[in-house]
A.B. asks: 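The structure's right below; bear with me while I get my questions together.
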Amino acid sequence: MSDRYEPQEIEKKWQAKWDAAGVDLACEEPSDTRESYYCLEMFPYPSGSLHMGHVRNYCLGDAVARYKRMHGYNVLHPIGWDAFGLPAENAAIKHKRPPAEWTYHNIDQMRGQLRQLGLSYDWSREFATCQPEYYRWEQWMFTRLVEKGLAYRKEAEVNWCQPCHTVLANEQVVEGACWRCDTPVERKNLAQWFIRITDYAEELLADLDKLTGWPEKVIGMQRNWIGRSTGAEVSFGVEANGKQSDETLDIFTTRPDTLMGVTYMAVAAGHRLAKKAAESNPELAKFLHECSHISTKEADVALMEKRGMDTGFKAIHPITGETVPIWVANFVLMSYGTGAVMSVPGHDERDHEFAHKYGIPIRQVIRPVDGEWDVQEAAFVDTGVLVNSGQFDGLASVEAKAAITGYLVSESKGEERVQYRLRDWLVSRQRYWGAPIPVIYCDDCGMVTVPEDQLPVVLPEELQPTGGASPLAGCEAFVHVDCPECGKAARRETDTFDTFMESSWYMNRFTSPCSESMVDAAAMQRWAPVDQYVGGVEHAVLHLLYARFYHKLMRDAGLFTSAEGGDEPFRNLLTQGMVLKDGAKMSKSKGNTVDPNAIIGKYGADTARLFTLFAAPPEKDLEWSDAGVEGANRFLKRVWRLMESATASPAGEDNQAAVRALRLTIHTTIQRVTHAFEHGFAFNVAIAALMEMSNALIAFEPKGEKGLAAVREGLQALAAMLAPFVPHFACELGERIGMQKMAVVADWPVVDEAALVQDEITLAVQIQGKRRGEITVAKDADQETAMAAAKANQSIAKWLDGMQIVKVILVPGRLLNIVVRPE
RNA sequence: GCCGGGAUGGUGGAACUGGUAGACACAAGGGACUUAAAAUCCCUCGAAAAGUAAUUUUCGUGCGGGUUCGACUCCCGCUCCCGGCACCA
């Protein structure tokens with residue numbers, strides 16, 4: 001047995017022992033009566049090698065999984081690979097090797113790194129999403145969605161990223177640019193596949209209330225993204241060339257109370273009426289053309305000057321019958337509401353600016369509840385009381401909304417309406433390295449989904465991508481297929497799925513990774529939903545929204561019920577902060593990365609784990625510090641020496657009070673560390689408590705049996721409580737001090753209430769709330785006794801001199817506060 | 001503009017439900033051991049003032065008020081920083 005702490009040796013040794021004993025496997029035996037617990041970290045994209053962000057993410061999750069195991073739970077803690085995606089294609093172009101090869105090579109490398117870290121994964125459940133056995137179920141699900149009308153193909157204006165040569169979902173456009181390559185996206189009209197997430201908008205919003213274990217921040221971001229507004233849809237008549245036409249102009253408004261203030265209408269450049277007007281108006285056609293080109297960069301849209309042009313058409317007001325001009329305006333979005341708005345310059349800043357610029361009348365229909373307002377100067381956007389609104393005069397805005405909407409409903413010119421910002425999820429991509437969309441186009445039968453018995457549609461893995469059009473389109477063997485309905489020659493869809501499709505349901509597949517159906521309902525019953533999910537906040541409206549949606553799709557496809565898998569996939573969510581170096585996120589381009597391998601090689605996995613957990617609270621950013629890593633390593637070495645010095649066998653008498661004090665420290669530490677695990681995972685605080693305890697153990701010198709027993713008790717508790725953080729070290733420590741079980745499977749230490757009882761306690765003494773000294777009294781001393789002790793204490797007594805005691809407050813176990821005033 | 005989260009020593013951060021602010025670490029300074037270095041161990045470490053000294057006093061959790069015997073913590077009003085969304089009708 002080596003005397004020095006040799007992390008490389010002991011880490012290899014214990015990893016082998018854990019594997020041999022199968023301690024990390026989730027148990028599927030029906031006879032296992034332990035409560036189940038599902039702990040999951042966001043699975044990695046196999047980019048090449050682990051970075052510190054991964055290390056932090058997985059160490060956090062591992063600490064939770066290990067703690068729960070020690071607490072007697074049957075824990076499911078799986079890992080796999082989010083293996084489809086663009087970087088593999090780019091690497092394939094660069095190295096002239098198929099993306100599959102690159103991907104599997106990276107998986108091997110990263111698996112090795114995860115193993116080195118000693119993470120307690122159930123490796124028997126590992127899968128990669130690029131395996132046909134995985135994506136076949138996604139294809140199967142998609143065909144079901146098409147049948148139910150929940151997935152559809154439609155030509156629409158979509159986001160196009162030129163460098164990535166593909167369309168993007170709205171969620172993948174960040175500040176007008178591609179989330180991957182940061183290039184501003186363009187708008188293009190293309191036929192694409194969508195999934196009807198908007199059908200679930202209401203449930204996705206309402207169920208946010210069930211997510212009591214999620215950070216407010218993420219809930220807020222999702223709520224914001226779904227963007228529910230209530231108002232009315234209003235139908236205006238349309239007059240062309242002085243004659244009323246059959247057409248109507250429908251708009252959505254959240255302010256029906258301002259309807260009487262409409263002085264013009266505005267439609268988007270892509271609106272039907274705008275196009276129609278342009279047919280006979282070349283200048284307008286030119287303007288529409290400009291609008292469609294200028295609006296390619298979303299980021300610029302908000303800053304753009306407001307411009308517009310009269311279509312010549314008039315709208316007929318649904319209540320007054322008055323006609324107002326219909327304009328085309330570059331600020332009206334085709335993709336929200338109906339692509340048209342009613343304009344009330346008196347009560348909307350944007351409309352005011354526009355009306356002012358083009359000399360359109362501004363009419364006041366709302367006045368402040370008290371005070372005056374001149375709408376010619378500026379729009380009054382608050383709610384108030386209606387004026388100049390005929391029969392609605394005098395109503396408050398709130399009442400007027402109901403009254404006006406009610407009137408429109410009775411006249412069949414409008415209805416109450418809920419509008420969402422959320423748009424349907426665009427899931428097709430013009431990329432090669434993804435799951436093929438299981439659809440066939442037949443000249444006779446049209447679009448046909450691939451029948452279940454012909455799934456999976458396997459992606460040919462040997463093709464060479466070029467960065468331009470997907471090589472799938474040029475792959476005859478893939479494209480040519482017989483129509484499943486009529487048997488004639490037909491063509492396959494060559495687009496693939498957005499990779500967020502794979503990551504939207506992997507958490508459910510882990511419950512039964514080999515199931516001969518998409519998921520096994522009994523396994524869902526046992527494991528789902530995920531009890532604790534851990535990952536980065538950057539997926540707040542991407543993965544975390546899609547996964548919630550997909551979970552509900554699976555439920556509604558009858559794959560499991562609410563009782564089996566729940567309505568939500570993740571019960572509790574921990575969003576960890578980023579790992580920074582020199583104040584910036586670690587990145588290759590900035591050159592401020594720290595290689596996990598180098599840290600593990602120099603200090604061992606346990607030191608790497610300990611530092612990432614100790615240096616900051618989980619949800620905050622972590623500033624990398626080489627000195628901090630040294631510090632974490634020093635702590636382990638101190639405990640190592642402590643262990644070696646505790647094997648002495650002195651034959652003297654211990655100071656009773658010192659032994660009791662040590663046991664008090666041990667058991668308050670158990671309390672504190674347990675509390676950290678049960679409330680918010682403040683591992684930095686838990687580790688600090690363990691450091692304090694080890695400091696107390698180091699300071700204590702056992703002189704006899706009792707002292708030695710207390711030290712052993714402390715060391716055992718220390719080994720057990722260190723196990724979730726530094727499992728190899730904890731096991732080695734446990735073995736050397738003679739623990740029966742491996743530390744990682746030991747029972748979590750239990751607080752000995754008797755050890756917490758103190759005969760004497762120290763009370764802080766305050767005069768007027770200011771600390772003036774402290775006294776030691778019996779633990780159940782009453783106020784009188786405490787006061788007597790305080791008066792007997794010189795440094796306290798001098799403050800009472802010449803003072804009259806007005807009031808005395810005793811906070812048991814904490815302090816005595818004496819309120820005085822001059823006599 | 002809207003929504004969320006913050007602000008505590010030189011630094012990262014502690015502080016239960018309103019009860020001894022600065023735990024635990026890092027850095028820094030001093031010392032021990034050593035031929036020397038590394039490693040290790042010990043001491044000091046919020047600011048200011050007084051004292052030879054032990055020590056004592058005052059101030060101190062972004063700013064201004066308030067509630068309370070007592071406020072980092074609660075209330076009102078601000079400032080600044082970070083993250084997200086934003087011509088959404």
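Residue numbers start from 1 in every chain, and the chains themselves are labelled A, B, ... in the order their sequence lines are given, proteins ahead of strands. Predicted, not measured: the structure shown is a model, and the values here were computed from it.
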A.B. asks: Would you say A/Asn695 places a side-chain N or O within less than 4.0 Å of OP1 or OP2 belonging to B/rA23?
C.D. replies: no
A.B. asks: Between protein and nucleic acid, restricted to nucleotides 69-72 of chain B and to nitrogen or oxygen atoms under 3.5 Å apart, what atom pairs and distances do you find?
C.D. replies:
residue	atom	partner	partner atom	Å
B/rC69	O2	A/Asn817	ND2	2.2

A.B. asks: With pairs taken as Watson-Crick or G-U wobble and both distances under 3.5 angstrom, which stems of at least three consecutive pairs involve RNA chain B?
C.D. replies: B:1-7 with B:79-85, B:10-12 with B:24-26, B:28-32 with B:40-44, B:46-50 with B:55-59, B:62-66 with B:74-78
A.B. asks: Counting only side-chain heavy atoms from C-beta out, which of B/rC24, B/rU20, B/rU57 sits nearest to A/Trp799?
C.D. replies: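 Closest nucleotide to the A/Trp799 side chain: B/rU57.
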A.B. asks: On the nucleotide B/rA89, are OP1 or OP2 found under 4.0 Å from the side-chain N or O atoms that A/Ser229 carries?
C.D. replies: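 Answer is yes, contact under 4.0 Å.
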A.B. asks: What integer distance in Å separates A/Asp626:CG from B/rA25:C1'?
C.D. replies: 16 Å
A.B. asks: Of all the choices, B/rA89, B/rU40, B/rG13, which nucleotide is nearest to the side chain of A/Arg641 once you look at every atom?
C.D. replies: B/rU40
A.B. asks: Should A/Arg634 be listed as having a side-chain N or O under 4.0 Å from OP1 or OP2 of B/rC26?
C.D. replies: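 Yes.
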A.B. asks: Are OP1 or OP2 of B/rG4 and a side-chain N or O of A/Trp214 less than 4.0 angstrom apart?
C.D. replies: no
A.B. asks: Output yes when at least one side-chain N/O atom of A/Arg4 is less than 4.0 Å from OP1 or OP2 of B/rU40, else no.
C.D. replies: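 A/Arg4 to B/rU40 OP1/OP2: no side-chain N or O under 4.0 Å.
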A.B. asks: Of the candidate nucleotides B/rC87, B/rG19, B/rA14, which contains the atom at the shortest distance from the side chain of A/Val685?
C.D. replies: B/rA14
A.B. asks: A/Asn224 side chain N/O closer than 4.0 Å to the phosphate oxygens (OP1, OP2) of B/rG4?
C.D. replies: no
A.B. asks: Describe, in one word, how the ring planes of A/Trp640 and A/Tyr5 are oriented to each other, choosing from parallel (under 30°), tilted (30 to 60°) and perpendicular (over 60°).
C.D. replies: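 Because their plane-to-plane angle lies in the 30° to 60° range, the rings of A/Trp640 and A/Tyr5 count as tilted.
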A.B. asks: Suppose we call a contact any N or O donor and acceptor under 3.5 Å apart; does that hold for the side chain of A/Lys217 and the base of B/rC3?
C.D. replies: no
A.B. asks: According to the interplanar angle, ranging from 0 to 90°, do the rings of A/Tyr264 and A/Phe354 count as parallel (below 30°), tilted (30 to 60°) or perpendicular (above 60°)?
C.D. replies: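 Correct class here is parallel.
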A.B. asks: Ignoring the backbone of A/Lys798, work out which of B/rC26, B/rG84, B/rU56 is nearest its side chain.
C.D. replies: B/rU56
A.B. asks: At under 4.0 Å, does any side-chain N or O of A/Arg350 touch on OP1 or OP2 of B/rC88?
C.D. replies: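 Yes, because at least one side-chain N or O of A/Arg350 sits under 4.0 Å from OP1 or OP2 of B/rC88.
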